[in-house]
Amino acid sequence: MSINYQDRIPNNVDLGSNRTLQRALEHWQPEFLKWWEDLGPKDFQVADVYLRTATSVDAKGWATYGYVRMPEYRWGIFLNERDPNRRIGFGDNYGQEVWQQIPGEYRATLRRLIVTQGDTEPASVEQQRMLGHTAPSLYDLRNLFQVNVEEGRHLWAMVYLLHAYFGRDGREEAEELLERHSGDADKPRILGTFNEPIRDWLSFFMFTYFTDRDGKFQLKSLAESSFDPLARTCQFMLTEEAHHMFVGDTGINRVVKRSLEVMKELSSDDPQTIRNAGAIDLPTVQKYLNFWFTSSLDLFGSETSSNAASYFANGLKGRPDEAQYEDHVALDQTYSLELPDGSGGTKSEQIPMRNAMNEVTRNSYVRDCEMGVKRWNRLIEKAGYPFRLTLPSTRFRRNIGNWASVPTTPEGTPISTEQFNVHLHDWLPSEGDQAFILSVMHGVHEQGKMAAWIAPPDRGINNNPVDYEYVKSH
Ligand SMILES: [Fe+2]
Ligand SMILES: [Fe+2]
């Protein structure tokens, strides 16, 4: 099979001139398409979807809009322009020239980092594959598919690096990225959150708000890498990631808005009354938020991590927005952690800053998450209700790190397991909550219509009206 690379795989890495790479990708591409057909969006493969496609990295070319059938989407390979003056921005080699090839001693570690990032991209497509059936509108259906094809492109971005810089090992890893599957008992995806099923749109919006935002911070860390092609790849991926978080942010905003409309109409904030009217009550929104936020917190890893310290020392993975820090070597600094003391209280511990890099990144992430919560609360406040959405403590419901399996309240106060179990379903979605959410998820695939549990968005895509025919099914 021969591929016209410029047409089929838009790229700015001169694919056409590298025979070895071409052969590797020619072998991988049909496997990718088979995966897309088997585990990508179910039942919409022949629909015409109004999608944006990146055809170059400049302002003009990175978002070209038009109707595309998803299997014909042009999954391109783009790296940000190379900055010939770029220097290593942190760690032991601070100030030296960045690497265009991988130093032998970091090969295995960098491969692992790229594979771990790459694994999340197809995983989320798999998690979301049934959601098309229950989309609340054509606008939302299109956004789902936009996120899905871009996660597919992010997989291409990582597979390009594996093929281009890791030889045979890289090619094998690229194949395994299509062999592990979300939730699979034998070959699950690498990270826990990416094995959680996403059965409903409230979870989808929480996932795109909280879990894609974890992606943003991972990409920001890798965008600092001394391995320049990885840094440039991640810089470009971040431009797309912004839309995924927008989908989550505005999605939750619209759920809250609709809930408030119904509360006002019925002059009630009783959750059951709101549910009876077909909207989602705010306490349930809080429970879903608690679940996905805490699940995403685990993705940053343990508070204390010698791996994180060596990634930083060796210049493989930095802090997000490394330029904002004064000391890029971070050798003499310490970080203060609040840890469980094992008898129901907490204790402070000072650890070397380099070992605390996961926690530093997690804290930046939490601050970023807070911005949306503030916006949603402004809506509630304006409507005159005392209810407020809140991010739980980073100690709550953790499965990784010092707080793993330590029962606490959402505010982070350690409590007994018994107390935790008593309140479990005040804090996290119960089976009843999940059943209710699923019960309002009916697909609305008619142009101009919107499901009853969500308000319409403020504006459409690419200056089109909200009721534009964003997806044409056949
Ligand atoms: Fe992604
Ligand atoms: Fe994403």
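First listed ligand is number 1; within each ligand, the first listed atom is number 1. Positions are given from 1, in the same order as the sequence printed here.
- At a cut-off of 2.8 Å, Glu121 does not coordinate the Fe ion (ligand 2) through any N, O or S atom.
- Formation of a donor-acceptor pair under 3.5 Å by the Asn355 side chain with backbone atoms of Ala309 is not found in this model.
- Metal site remark for the Fe ion (ligand 2): His154 contributes no N, O or S atom at a distance under 2.8 Å.
- Of the possible donor and acceptor atoms, none in the side chain of Arg69 sits under 3.5 Å from a partner among the backbone N and O of Val49.
- Judged by distance alone, the side chain of Tyr139 and the main-chain N or O of Pro465 form no donor-acceptor pair under 3.5 Å.
- Ser225 places a side-chain N or O within donor-acceptor distance of the main-chain N or O of Leu316, the cut-off being under 3.5 Å.
- For residue Glu241, an N/O/S atom approaches the Fe ion (ligand 2) to within less than 2.8 Å.
- In this structure, Arg86 places its CZ atom where more than 12 heavy-atom neighbours from other residues, nucleotides or ligands lie under 6.0 Å away.
- Taking the Fe ion (ligand 2) as reference, Asp212 places its N/O/S atom OD1 nearest.
- The Fe ion (ligand 2) lies closest to atom ND1 when only the N/O/S atoms of His244 are considered.
- Glu151 lies close to the Fe ion (ligand 2), since one of its N, O or S atoms is found at a distance under 2.8 Å.
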